[in-house]
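Written out below as structure tokens is the structure these notes cover.
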Amino acid sequence: MTRIGFAYNQKPEPEAADAAAELSRADEEPPSSGTGSQTAVATMLAPAPDDEFAEWDSAETIDAVARALARYGEVIRLEARDDFPERLRAARPEIVFNIAEGLRGPNREAHVPAICEFYGIPYSGSDPFTLALCLDKARTKEILRANGVPTADWALARNASDVERLVARGGSFPLFAKPVHEGSSKGITERNLAADPDALRAIVLDLLERYEQPVLVESFLPGAEFTCGVLGNGSGARVLPIVGMNFDSLPAGALPIYGFEAKWLWDRPENPLDIFSCPARIADELRAEIERVVLRAYDVLGCRDWSRVDVRLDASGRANIVEVNPLPGILPDPADNSCLPKAARAAGLDYDALIGAALEAAAARQGVQLGSAA
């Protein structure tokens, strides 16, 4: 029987039941570049989110992934804590299925794969370089731009002096600011859209202080937004049915941004938002363009086995890459707004089949023999 290590980070259990319900709904969905005019929505704005563990997975997700993996062999749970290297070495699995987001630092998503490589143990997903690269939004955009993959213009603010230089430079507004090393919509709220230099200064200075890392400032992309799941490797990589963002479902006056407010305040179990459309209702020509740009980004960034790629249209209707997520969110409950499982279902893959497809791609790439899926 194949020994399958399963690496993950589990959210700490909240003290309050209500808080537990909220945390279980977090997912790694697309942080948006933002667009449109700043209609007054002060009554809808949330306080700064307590999002320290937003990237980690709930017990429900971890259990669902473990059940899916168990169809292929013996599953050895290896929570990515400080003692992960010792436990991995002792367990010696034949392959590791990795969804661990990491404990600390800007290269945290690369830690588990790097340790696996150190011990010579095959693992699923992208390598340490790609994971570290894609968690740095500015470096990702540099690689995309260098390879001719469309992405919005940007600047990076590392300190207050950089902020003043950005303000003095002027340019077109609105602009959207976000922490450079975060995922899962951490630091993404309606406050982040700056309509003028004064707003930009206040937003960026607040993000610098709150997240203690550089802030990416992007030109806005005024068109529609999509997110695309990718499965496979090389010429066999394929884009799953495209998920379109239905911003008309947001409260009146809200900005077309899928951030903290849309995810945590307005999308409630008792009144869910109809925020996603899958397959997206778009023309075949646009679908083909999005798929081409997505697969090009997947390739030049070195993604493997699976990823989720976020796309937004510019003023000319061209597809631009917003972000690439080589550790995609995978909430198992169809009632939750989790894009990759939603796209997989639209392609005829249930949750177990989605997890199995990623594992099989990783095993085939590395010559690992798996047990037959039950």
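The figures that follow rest on heavy atoms only: side chains count, while hydrogens, waters and symmetry mates do not.
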Partners meeting salt bridge (charged side-chain N to carboxylate O under 4.0 Å, His left out) with Arg3 (sequence neighbours left out): Glu74
Pairing residues for Tyr8 by the ring pair (Phe, Tyr, Trp, His ring centres under 6.0 Å) criterion, not counting sequence neighbours: Phe6
Do Thr227 and Asp310 have side-chain atoms, one donor and one acceptor, less than 3.5 Å apart? yes
With sequence neighbours left out, write down each residue that passes salt bridge (charged side-chain N to carboxylate O under 4.0 Å, His left out) with Glu117, or none if nothing qualifies. none
Among residues at least two apart in sequence or on other chains, which ones pass side chain to side chain contact (heavy atoms under 4.5 Å, CB included) with Leu133? Phe129, Arg139, Thr140, Ile143, Leu301
More than 12 non-hydrogen atoms from neighbouring residues, nucleotides or ligands closer than 6.0 Å to CD on Gln369, yes or no? no
Please list, chain by chain and in numerical order, all residues satisfying side chain to side chain contact (heavy atoms under 4.5 Å, CB included) with Ser161, sequence neighbours excluded. Asn159, Arg165
Could I get the full list of salt bridge (charged side-chain N to carboxylate O under 4.0 Å, His left out) partners for Arg67, not counting sequence neighbours? none
Across all chains, not counting sequence neighbours, the side chain to side chain contact (heavy atoms under 4.5 Å, CB included) partners of Asp206 are Arg210
The criterion is side chain to side chain contact (heavy atoms under 4.5 Å, CB included); which residues satisfy it with Ala288, sequence neighbours excluded? none
Donor-acceptor contact present, side-chain Lys11 to main-chain Trp56, <3.5 Å: yes
Run the side-chain hydrogen bond (donor to acceptor under 3.5 Å, both in side chains) test against Asp83 and tell me which residues pass, sequence neighbours left out. Arg87
Which residues satisfy the salt bridge (charged side-chain N to carboxylate O under 4.0 Å, His left out) test with Arg345, sequence neighbours excluded? none
What ring-ring contact (aromatic ring centres under 6.0 Å, His included) pairs are there with at least one residue in residues 326-351, not counting sequence neighbours? none
Does anything in residues 301-321 pair up under ring-ring contact (aromatic ring centres under 6.0 Å, His included), and if so which pairs, sequence neighbours excluded? Phe97-Trp306
Shortest non-hydrogen contact from Val243 to Ala280? C-CB, 4.3 Å
